[in-house]
Amino acid sequence: MASNSPSSNRLRVGYAFPPNKERNVIRPSLIDYANLHGVDLVRIDLQTPLLHQGPFHCIIHKLYDNAWAENLQDFASKNPDVVIVDRPDLISQLYNRVSMLDVVSQVKVSDSGVRIEVPKQVVVKDEAIDSMRDLELKFPVIAKPLESDGSAKSHEMSLVFNQRGLKDLDTPVLLQEFVNHGGVMFKVYVAGDQSVCVKRKSLPDVAETEEELEKKAEGAMKFSQISRAVEKSEKCNGEEKKEEEEIEMPPEKIVTEVSRGLKEAMGIRLFNYDMIRDWNSTYYVIDINYLPGFAVLPEYEPFLTKFFKEVAQKKVEEAEDSAIGDDKAKPRCCCFQ
Ligand SMILES: O=P(O)(O)O[C@@H]1[C@@H](OP(=O)(O)O)[C@H](OP(=O)(O)O)[C@H](O)[C@H](OP(=O)(O)O)[C@H]1OP(=O)(O)O
Ligand SMILES: Nc1ncnc2c1ncn2[C@@H]1O[C@H](COP(=O)(O)OP(=O)(O)O)[C@@H](O)[C@H]1O
Ligand SMILES: [Mg+2]
Ligand SMILES: [Mg+2]
């Protein structure tokens, strides 16, 4: 076992986050719960090389800079027994709004009547858009920045109703068809094999026909982080709350299968995704976020603690499997109770 690997039965999980992220993930309630269940959460000092810290069984992180990725890579190559959740090169597929959704086509669900898709979308670089028909898109569309890098700018979007609304867009931009979905989206939080689906307020449906949209004087409407904005505003009145409650949750099987499909296709284990459903019961995945603020989930403490234990247990099993070759009959030892 390499020098930085721990040996005790307690599980040591190192974490590396900016301060705001730390507040949204590593709450005192998680530290206490995990501690009671044999898991020690250890803050990684970003001013000190990782190789001088530890020991760790596992490291979780959300930092966007290359220096961190190199620091982690160097550490991982010298400490193959430490589980890195997740590999920076795999996480980076989520930093671009096109590559983040590429994996959705690989997701398979067992109910043949259900479709899992991505809304039609096109990247516009710097060319003028003469007609949406050339792009094979229909208004309304959402204009999204290509980057999804944690910056405020990466959340600044526009709902574009007609040609006039296209002229002020910064390029490059992703134009994605707006899908009517009843004003409610599903946010699914994934940690390894576990997934939890919650409802969130979303943009309301656009009822106008293309001809009616063409006449709208205001060509576009800017918005940012709508689920938070709507929750904070007075618009979230009793009637809207009731409408939200009436929207049926997706079947648990769909949530589990989509979560597993995305996890396997991306090779990453801590994320959430936004999913909407149209009136034909087609589901659209519209956004995938690496390591979001899990603390909003009810029961988030056991959720993450269980995940840490599973990750460590899988590593032990892998090591046993490689040590005993094909002799799988041997009983497994369970180290992290
Ligand atoms: O702020 P939180 O805790 O709600 O989490 C944000 C996420 O909100 P959610 O939990 O999905 O409702 C948020 O999800 P959305 O993009 O808003 O769907 C992002 O994941 C955000 O990270 P970043 O700004 O893209 O790096 C997340 O922000 P960070 O916690 O990473 O700063
Ligand atoms: N194609 C779409 N059709 C309908 N609503 C959408 C679509 N794409 C995004 N939205 C709405 O816009 C919000 C923000 O878009 P999203 O891609 O999730 O960006 P962010 O990363 O800022 O959360 C979504 O939560 C949803 O309410
Ligand atoms: Mg989103
Ligand atoms: Mg997002």
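What you see is a predicted model; the values in this text were computed from it and never measured.
- Annotation for Phe17 and Ile60: closest pair CZ-CD1, 3.8 Å, computed over non-hydrogen atoms.
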Mind running side chain to side chain contact (heavy atoms under 4.5 Å, CB included) on Asn71 and His61 for me, showing each step along the way?
CA-CA 12 Å; Asn71 189 3; His61 62 106; over 6 Å; no

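- Side-chain atoms of Gln106 do not come within 3.5 Å of backbone N or O of Gly261 as any donor-acceptor pair.
- Summarising the geometry, atom CE belonging to Met100 is positioned 10.0 Å from atom CD belonging to Gln93; distances are rounded to the nearest 0.5 Å.
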Between Leu51 and Asn79, does a side chain to side chain contact (heavy atoms under 4.5 Å, CB included) hold up when you go through it step by step?
CA-CA 9 Å; Leu51 279 167; Asn79 292 278; 3.7 Å; yes

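- To the nearest 0.5 angstrom, Glu257 atom CD is 8.5 Å from Ile116 atom CD1.
- Formation of a donor-acceptor pair under 3.5 Å by the His57 side chain with backbone atoms of Arg12 is found in this model.
- Counting only distance, with no hydrogens or angles, the side chain of Lys309 and the backbone of His37 share a donor-acceptor pair below 3.5 Å.
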For a ring-ring contact (aromatic ring centres under 6.0 Å, His included) check, start with the C-alpha distance between Tyr300 and Tyr189, then their side-chain angles and the critical distance, and finish with the verdict.
CA-CA 10 Å; Tyr300 108 98; Tyr189 290 79; over 10 Å; no

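- Formation of a donor-acceptor pair under 3.5 Å by the Gln163 side chain with backbone atoms of Ile129 is found in this model.
- In terms of heavy atoms, Val109 sits closest to Val114 at CG2-O, 3.8 Å.
- Lys21 places a side-chain N or O within 3.5 Å of a backbone atom of Leu291 that can act as its donor or acceptor partner.
- Among Lys201, Lys144, Lys187, Arg200, the single residue meeting the salt bridge (charged side-chain N to carboxylate O under 4.0 Å, His left out) criterion with Asp274 is Lys187.
- Between Leu101 and Gln121 there is a side-chain heavy-atom pair separated by less than 4.5 Å.
- Asn280 and Thr282 share no donor-acceptor pair across their side chains, judged by distance under 3.5 Å alone.
- Note on Leu135 and Phe161: same hydrophobic cluster, where clusters join Ile, Leu, Val, Met, Phe, Trp and Tyr whose side-chain heavy atoms are under 4.5 Å apart, directly or indirectly.
- Under a 3.5 Å cut-off, the side chain of Arg27 and the backbone N or O of Glu301 do not form any donor-acceptor pair.
- Following chains of ILVMFWY side-chain contacts shorter than 4.5 Å, one cannot reach Leu146 starting from Phe223, and the two form parts of different hydrophobic clusters.
- Under the 4.5 Å side-chain criterion, counting only non-hydrogen atoms from C-beta, Lys253 is in contact with Ser110.
- Lys199 places a side-chain N or O within donor-acceptor distance of the main-chain N or O of Ile247, the cut-off being under 3.5 Å.
- Although no hydrogens or angles enter the test, the distance criterion places no donor-acceptor pair under 3.5 Å between the side chain of Asp205 and the main chain of Ala207.
- Panel note: side chain Asp149, backbone Ser154; no donor-acceptor pair is recorded below 3.5 Å.
- Contact between Pro251 and Tyr283 at its shortest, heavy atoms only, is CD-OH, 3.4 Å.
- Ionic pairing of Arg164 and Glu214 is present here: one or more N-O contacts between side-chain nitrogen and carboxylate oxygen are shorter than 4.0 angstrom.
- Inspection of the Tyr290 and Ser148 side chains reveals no N or O donor paired with an N or O acceptor under 3.5 Å.
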Run the side chain to side chain contact (heavy atoms under 4.5 Å, CB included) test on Asp86 and Phe271 for me, step by step, so that the C-alpha distance in whole Å, both residues' side-chain angles and the decisive distance to 0.1 Å come before the verdict.
CA-CA 10 Å; Asp86 288 292; Phe271 61 96; over 6 Å; no

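- Here CG of Leu41 is found 12.5 Å from OH of Tyr33. Values are rounded to the nearest 0.5 Å.
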Go through Glu70 and Gln73 one step at a time and tell me if the side chain to side chain contact (heavy atoms under 4.5 Å, CB included) criterion holds.
CA-CA 5 Å; Glu70 282 162 21; Gln73 183 51 48; 5.5 Å; no

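- In Asn66, the CG atom is not crowded: 12 or fewer heavy atoms of neighbouring residues, nucleotides or ligands sit closer than 6.0 Å.
- Taken together through direct or relayed side-chain contacts under 4.5 Å among Ile, Leu, Val, Met, Phe, Trp and Tyr, Leu175 and Val206 form part of one hydrophobic cluster.
- For the pair Asp40 (side chain) and Arg10 (backbone), a donor-acceptor distance under 3.5 Å is absent.
- The closest side-chain heavy-atom distance from Ile288 to Met266 is below 4.5 Å.
- Sparse packing is recorded around NZ of Lys306, with 12 or fewer heavy atoms of other residues, nucleotides or ligands lying under 6.0 Å away.
- Side chains of Val13 and Phe307 form no contact here, defined as non-hydrogen atoms less than 4.5 Å apart.
- Summarising the geometry of Phe303 relative to Ser195, their closest heavy-atom pair is CE1-N, 4.4 Å, with the distance given to 0.1 Å.
- A distance of 8.5 Å separates CE in Met185 from CG in Leu203, rounded to the nearest 0.5 Å.
- Ile268 and Tyr95 fall within a single hydrophobic cluster, where Ile, Leu, Val, Met, Phe, Trp and Tyr are joined by side-chain heavy atoms under 4.5 Å apart, directly or via other members.
- A donor atom on one side chain and an acceptor atom on the other are not found under 3.5 Å apart for Thr48 and Gln53.
- In this structure, Ile44 and Phe75 have side chains that are not in contact, with every pair of non-hydrogen atoms separated by 4.5 Å or more.
- In this structure, Lys62 and Pro18 approach most closely via the heavy-atom pair O-CD, 3.1 Å.
- The residues Arg97 and Asp287 are annotated as salt-bridged, a charged nitrogen and a carboxylate oxygen being separated by less than 4.0 angstrom.
- Here the CD atom belonging to Gln194 is positioned 11.5 Å from the OG1 atom belonging to Thr256, to the nearest 0.5 angstrom.
- Contact annotation: the side chain of Thr305 never approaches that of Pro302 to less than 4.5 Å [non-hydrogen atoms, C-beta and beyond].
- Salt-bridge check for Lys222 with Asp168: failed, with every basic side-chain N at 4.0 Å or more from each acidic carboxylate O.
- Rounding to the nearest 0.5 angstrom, the gap separating the CD1 atom in Ile276 from the CG atom in Asp278 is 8.0 Å.
- Between Ser259 and Tyr273, the shortest heavy-atom contact is OG-OH, 2.9 Å.
- Side chains of Glu208 and Lys215 form no contact here, defined as non-hydrogen atoms less than 4.5 Å apart.
- Under the 4.5 Å side-chain heavy-atom criterion for ILVMFWY residues, a single connected hydrophobic cluster contains both Phe178 and Val160.
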